[in-house]
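Model, not experiment: these values are computed from the prediction. Numbering of ligands and ligand atoms starts at 1, following listing order. Heads up: numbering here begins at 1 and tracks the sequence.
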Amino acid sequence: NKDLQLQGFLTDSENHPSVSINTQPLLDDYHVETKPFARGKFATVRRCTDKTNDRAYAAKCIKKRRRSANVRHEIMHEILVLKMCEPCPRIIHLHQIYEGPSEIILVLEMAEGGELQRLLDDDEMFEESQVIHVIIQVLEALSFLHGLNIVHLDIKPQNILLTGSFPQCDIKLCDFGISRLVSEGIEVREIVGTPDYVAPEILQYEPISFASDMWSIGVLTYVLLSGYTPFGGATKQETFCNITKGTLEFPEKMFQEVSNHAKDFIKKLLVQNQRQRMLPENCLKHPWIAPNSEEISRQNLSSKTEKIEFKSTPDENRNYMVNSY
Ligand SMILES: Cc1cnc(Nc2ccc(CC#N)cc2)nc1Nc1cc(C2CC2)[nH]n1
């Protein structure tokens, strides 16, 4: 119905024809570790293995009732987003769904390397090339998601998972629990997201847009390159205040090794006015990400102008070449 649509959910119904849910217990088909490896406000995530082939998955157990409100349609929204993202290798894959009396369990693709946040907690410092590799993959996930008119709204290192041991691994974006549909003229306003990464327009209760995710990419890049958050304050209120003030600084002691292209990339994302922020396609062409983008365009231009000479191929070689192709 209208008001749910206004909240940016994909569905207002408690079920959806495309979604099949197992009603027998998860434990019939999977061994489930008792100790969760992650616990959120309304979900716990445990490692589980398929009894038939020993494959590992992540079982995300979501409570159907929160603060005595039925939130089944919100869980259905997360399920539909995950299903729509099936074709994208940069997004965690939904394998199966189980339903118990008080929870819905999403059996999700296992990313063995865990959270990118853990590397930050271990005070790992990243090479700029490693940060670029991570940011490119997050941008690819966002390009796909935005292409579906969905905005993630909780981009942060905890929701960027590693497929193996860093830096030889890839990343997968996860957790669409607060993602929302962005549609023309429909204004979704909700205070969502994690303080350090939330965009100013969200705090000012303005309509949410794709640019809200791009602000978080700017914060993420700043954090990966320096180990510090750009607007972090002693309290949540102070952080929110810093975000709305938006004074962006690159302290010499943290950024002396960081390239100017990298700082320029961050500056073009941490822009107060969301209409002036880069979107994924602009980011992927930025000289920090596509380092030779300036160089390539210069070369392309020059190659068009320089004389192109064809060397004739002696006939016997030509036949050979044609056959081998
Ligand atoms: C080894 C591991 C360690 N820690 C987490 N933490 C974590 C972070 C965010 C969310 C938020 C969500 N969703 C859930 C767990 N996930 C892991 N692997 C996963 C986790 C998953 C799917 C996403 C659950 N696949 N592989």
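- Nearest non-hydrogen protein atom to atom 18 (N) of ligand 1 is Ala111 O, 3.1 Å.
- Within the listing of ligand 1, atoms 8 (C), 16 (N), 19 (C), 20 (C), 21 (C), 23 (C), 25 (N), 26 (N) sit less than 4.0 angstrom from a heavy atom of Leu161.
- Atom 4 (N) of ligand 1 has its closest protein heavy atom at Phe37 CD1, 3.6 Å.
- Selection from Ala59, Gly114, Gly40 by nearest heavy atom to atom 2 (C) of ligand 1 gives Gly114.
- Checking Gln204 against Thr244 by side-chain atom types alone, no donor-acceptor pair falls below 3.5 Å.
- Checking each of Glu115, Glu140, Glu109, Glu112 against Lys172 for a salt bridge (Lys or Arg N to Asp or Glu O under 4.0 Å) leaves exactly one that passes, namely Glu109.
- In terms of protein heavy atoms, atom 10 (C) of ligand 1 is closest to Cys174 SG, 3.9 Å.
- Side chains of Thr23 and Glu99: a donor-acceptor N/O pair is absent below 3.5 angstrom, by distance only.
- Side-chain contact of His77 with Ser179: a donor-acceptor pair under 3.5 Å is present, judged by distance alone.
- The distance from ligand 1 to the heavy atoms of Lys60 drops below 4.0 Å at these ligand atoms: 12 (C), 13 (N).
- With sequence neighbours left out, His95 forms a ring pair (Phe, Tyr, Trp, His ring centres under 6.0 Å) with Tyr57.
- Glu115 OE2, 2.8 Å is the protein heavy atom nearest to atom 6 (N) of ligand 1.
- Each of the following atoms of ligand 1 lies closer than 4.0 Å to a heavy atom of Gln158: 8 (C), 9 (C).
- Annotation for ligand 1: atoms under 4.0 Å from non-hydrogen atoms of Met110 are 18 (N), 25 (N), 26 (N).
- In summary, the atoms of ligand 1 found under 4.0 Å from a heavy atom of Ala38, numbered by their order in the structure, are 6 (N), 7 (C), 15 (C).
- Scanning the protein for heavy atoms near atom 14 (C) of ligand 1, the closest one is Val45 CG2, 3.6 Å.
- Atoms of ligand 1 lying under 4.0 Å from any heavy atom of Asn159, numbered from 1 in the order shown and given with element: 9 (C), 11 (C).
- Using modelled atom types, one finds no donor on one side chain facing an acceptor on the other under 3.5 Å when comparing Asp54 with His31.
- Each of the atoms 20 (C), 21 (C), 22 (C), 25 (N), 26 (N) of ligand 1 lies under 4.0 Å from some heavy atom of Ala58.
- The nearest protein atom to atom 24 (C) of ligand 1, hydrogens excluded, is given as Leu108 CD1, 3.7 Å; this is a heavy-atom distance.
- Taking the six-membered ring for Trp and the full ring otherwise, Phe210 and Trp215 have centroids separated by 6.0 Å or more.
- Leu94 approaches Glu86 most closely through the heavy-atom pair O-OE1, 4.2 Å.
- For Asp175, heavy-atom contacts with ligand 1 shorter than 4.0 Å involve the backbone as well as the side chain.
- There is a side-chain donor-acceptor pair under 3.5 Å between Thr194 and Lys156.
- Here is the list of ligand 1 atoms found below 4.0 Å of a heavy atom in Glu112: 1 (C).
- A donor-acceptor pair shorter than 3.5 Å can be found between the side chains of His16 and Ser18.
- Only the backbone of Glu109 comes within 4.0 Å of ligand 1, judged by heavy-atom distances.
- Asp29 is linked by a side chain to side chain donor-acceptor pair (under 3.5 Å) to Gln24, Tyr98, counting only residues two or more places apart in sequence or in another chain.
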